[in-house]
Amino acid sequence: MFKKMKANSAAFALWVLLACGAHILLFRGKVSMAQPIWQRLILAAAALGLVLLVHELIHALFMKVLIGGRVRLIFAKDKLGMPTPGVLAEKRGTKGQEAVMRLAPFALLTLLPDVIFCFLPGVELFFFIVALANCAGCFYDILDVCMLLHGEAW
């Protein structure tokens, strides 16, 4: 079941829409939109670039700490032929280690900021986009953990 979802572009699109919608509903009143549109676009581009890099670096750090061995950052083509960053390790970990390693960016770049946002009177657009974009980008990590725990090969 999860394998079919992973291969389905509509499932990914639905996840992105739900992730963005949830973040907008929860924090729309707190996000600072005081900057002119051109600055907001630059902030968004910078946040997206940072998310791609930091997300994979968190995977790499947790791989190195939990699994050990050689870990390297790579660029591979996704289903659309776009080069995307990824991380490879020479060893595999236990199911628990793999699950923690895959969910670490979601916990550190989405859940933790979201909890912090709940207690702040205002949220800077840059940090809001980091949390939102990371949440949207964690679709495959979450599906991989579901497949791992369900016993499906990925």
Side-chain angles (χ1 to χ4, degrees), residues 1-28 30-31 43-120 123-154:
M1 172 180 88
F2 296 113
K3 223 175 201 177
K4 288 181 183 177
M5 286 174 65
K6 194 170 176 176
N8 188 339
S9 298
F12 175 70
L14 180 63
W15 170 266
V16 170
L17 288 173
L18 290 173
C20 291
H23 274 87
I24 289 168
L25 285 174
L26 288 170
F27 304 114
R28 73 172 177 243
K30 291 186 170 194
V31 178
L43 281 173
L48 291 173
L50 181 72
V51 163
L52 283 172
L53 180 64
V54 172
H55 177 105
E56 295 305 328
L57 289 174
I58 291 171
H59 280 310
L61 175 69
F62 275 78
M63 276 183 186
K64 191 72 173 166
V65 169
L66 294 175
I67 300 169
R70 187 169 159 223
V71 176
R72 59 191 175 110
L73 192 61
I74 61 159
F75 281 90
K77 290 187 178 182
D78 66 5
K79 291 190 314 185
L80 300 173
M82 302 277 297
T84 56
V87 180
L88 284 179
E90 65 183 2
K91 294 195 269 183
R92 299 294 294 239
T94 64
K95 280 186 179 186
Q97 290 170 327
E98 291 278 338
V100 168
M101 180 272 308
R102 291 179 190 286
L103 292 177
F106 183 69
L108 296 175
L109 292 178
T110 298
L111 296 180
L112 180 62
D114 285 353
V115 169
I116 293 169
F117 294 166
C118 289
F119 297 102
L120 295 177
V123 176
E124 287 298 319
L125 180 63
F126 179 83
F127 298 110
F128 174 73
I129 292 174
V130 165
L132 185 145
N134 188 68
C135 183
C138 284
F139 175 75
Y140 293 110
D141 292 335
I142 292 169
L143 273 183
D144 283 343
V145 171
C146 291
M147 291 168 62
L148 179 72
L149 299 177
H150 190 259
E152 293 182 39
W154 73 92

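- Pairs of residues two or more places apart, or lying in two chains, that qualify as ring pair (Phe, Tyr, Trp, His ring centres under 6.0 Å) and include a residue from residues 45-65 are His55-His59.
- Partners of Phe127 by ring-ring contact (aromatic ring centres under 6.0 Å, His included), not counting sequence neighbours: none found.
- To the nearest 0.5 Å, the span separating CE on Met63 from CZ on Arg92 amounts to 8.5 Å.
- Note: Met101 CE to Asp144 CG = 8.5 Å, rounded to the nearest 0.5 Å.
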Distance-only criterion, 3.5 Å: show the donor-acceptor pairs between side-chain atoms of residues 15-23 and protein atoms not counting sequence neighbours.
| unit_1 | atom_1 | unit_2 | atom_2 | d |
| --- | --- | --- | --- | --- |
| Trp15 | NE1 | Cys135 | O | 2.9 |
| Trp15 | NE1 | Ala136 | O | 3.4 |
| His23 | ND1 | Ala19 | O | 3.0 |
| His23 | NE2 | Asp114 | OD1 | 3.1 |
| His23 | NE2 | Asp114 | OD2 | 2.8 |

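- Of all heavy-atom pairs between Ala131 and Phe117, the closest is CB-CE1, 4.0 Å.
- Judged as a side chain to side chain donor-acceptor pair (under 3.5 Å), the pairs with a partner in residues 103-112 (not counting sequence neighbours) are, in order, Thr110-Asn134.
- Atom CD1 of residue Ile24 and atom CG of residue Leu132 lie 6.0 Å apart, to the nearest 0.5 angstrom.
- Considering only heavy atoms from C-beta on, Pro113 stays 4.5 Å or farther from Phe128 through its side chain.
- A search for side chain to side chain contact (heavy atoms under 4.5 Å, CB included) contacts involving Leu57 returns Leu53, not counting sequence neighbours.
- With contacts defined as side-chain heavy-atom distances shorter than 4.5 Å, the pair Phe106/Ile142 qualifies.
- The heavy-atom pair separating Val130 from Ala47 by the smallest distance is CG2-CB, 3.8 Å.
- Glu90 is not listed as a side-chain neighbour of Ile67, based on a closest heavy-atom distance of 4.5 Å or more.
- Atom CZ in Arg102 sits 11.0 Å away from atom CG in Leu143 (nearest 0.5 Å).
- Nearest approach of Pro85 to Leu52, heavy atoms of both residues: CG-O, 4.0 Å.
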Using residues 68-75 as the side-chain source, report each donor-acceptor pair under 3.5 Å to any protein atom, sequence neighbours left out, with the distance given to one decimal.
none

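- With rounding to the nearest 0.5 Å, the separation of CG in Leu26 from SG in Cys118 is 7.0 Å.
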